[in-house]
Amino acid sequence: QVHLVESGGGLVQAGGSLRLSCAASGSISFMNAMGWYRQAPGKQRELVATITSGGSTNYADSVKGRFTISRDNAKNTVYLQMNTLKPEDTGVYLCNANGRETLLWRSFTSWGQGTQVTVSS
């Protein structure tokens, strides 16, 4: 099994910054896309940003120009640098990753437990 553990959430004032990290562990032979999603109270989970194994990125319109996703392939870790945070960015941020495990080249899709981000006005 592949496990994802997020860190870096917290409470910040509007206009501030946070950096989230998500580290994957397990017998990973190939890590494909990694990404960040968020879920606010009473709302559906939404995509924030994704990054492919080749480094191509995709962002939600609401975070373009403010958030930057990156990854360290050697560490199987993905990051989300969040700048100019707004109260509407508040939510639980979840990490997602998919790829292939070493055992039988089995595909996996994993989710982390999430880290809370709260932006005060």
Val117 versus Met82: any side-chain heavy-atom pair under 4.5 Å?
-> yes
With Thr115 as partner, the option from Leu20, Val5, Val92, Leu18 fulfilling side-chain contact (heavy atoms from CB on, under 4.5 Å) is Leu20
Side chains of Thr84 and Phe67: does their closest heavy-atom pair fall under 4.5 Å?
-> no
One should read off an interatomic distance between Leu94 CG and Glu6 CD, to the nearest 0.5 angstrom, of 6.0 Å
Spatial distance of atom CG (Leu4) from atom OG (Ser25) [nearest 0.5 Å] | 7.5 Å
For Gln116 and Thr118, does a side-chain donor sit closer than 3.5 Å to a side-chain acceptor?
-> yes
Arg45 and Tyr37 side chains, donor-acceptor separation under 3.5 Å | no
Can you tell me if Thr90 uses its side chain to pair, donor with acceptor, with the backbone of Val119 under 3.5 Å?
-> yes
Side-chain contact, heavy-atom cut-off 4.5 Å: Thr68 with Tyr59?
-> yes
Atom of Phe108, atom of Phe30 and distance for their closest heavy-atom approach = CE2-O, 4.0 Å
Rounded to the nearest 0.5 Å, what separation is found between the CZ atom of Arg100 and the OG atom of Ser29?
-> 9.5 Å
Of all heavy-atom pairs between Ser121 and Pro87, which one has the smallest distance, and what is that distance?
-> CB-CG, 3.8 Å
Let me see the working for Lys86 and Asp89 under salt bridge (Lys or Arg N to Asp or Glu O under 4.0 Å), right down to the final yes or no.
-> CA-CA 5 Å; Lys86 304 176 181 180; Asp89 295 318; over 6 Å; no
Would you say the side chain of Cys95 lies within less than 4.5 Å of the side chain of Trp111, judging by non-hydrogen atoms?
-> no
Student check: side-chain heavy atoms of Leu47 and Thr50 closer than 4.5 Å | yes
Gap between atom CD of Glu46 and atom CD of Gln39 - 0.5 Å precision = 9.5 Å
Is any side-chain heavy atom of Ser17 less than 4.5 Å from a side-chain heavy atom of Gln81?
-> yes
Are Lys43 and Arg38 close enough that some pair of their side-chain heavy atoms sits under 4.5 Å apart?
-> no
Drop me the distance from Arg71's CZ to Ser21's OG, to the nearest 0.5 angstrom.
-> 14.0 Å
From CG (Asp72) to OG1 (Thr77), nearest 0.5 Å = 6.0 Å
Closest heavy-atom contact between Val2 and Ser110?
-> O-OG, 2.9 Å
Just checking, Arg19 and Tyr79: is the charged tip under 6.0 Å from the six-membered ring centre and within 45° of the axis?
-> yes
Please assess Ile28 against Thr102 for the test side-chain contact (heavy atoms from CB on, under 4.5 Å), listing each intermediate value before the final yes or no.
-> CA-CA 5 Å; Ile28 302 168; Thr102 303; 5.7 Å; no
Least distance between heavy atoms, Met31 atom then Ala24 atom | CE-CB, 3.5 Å
Close side-chain approach of Val78 to Ile69, heavy-atom, < 4.5 Å | yes
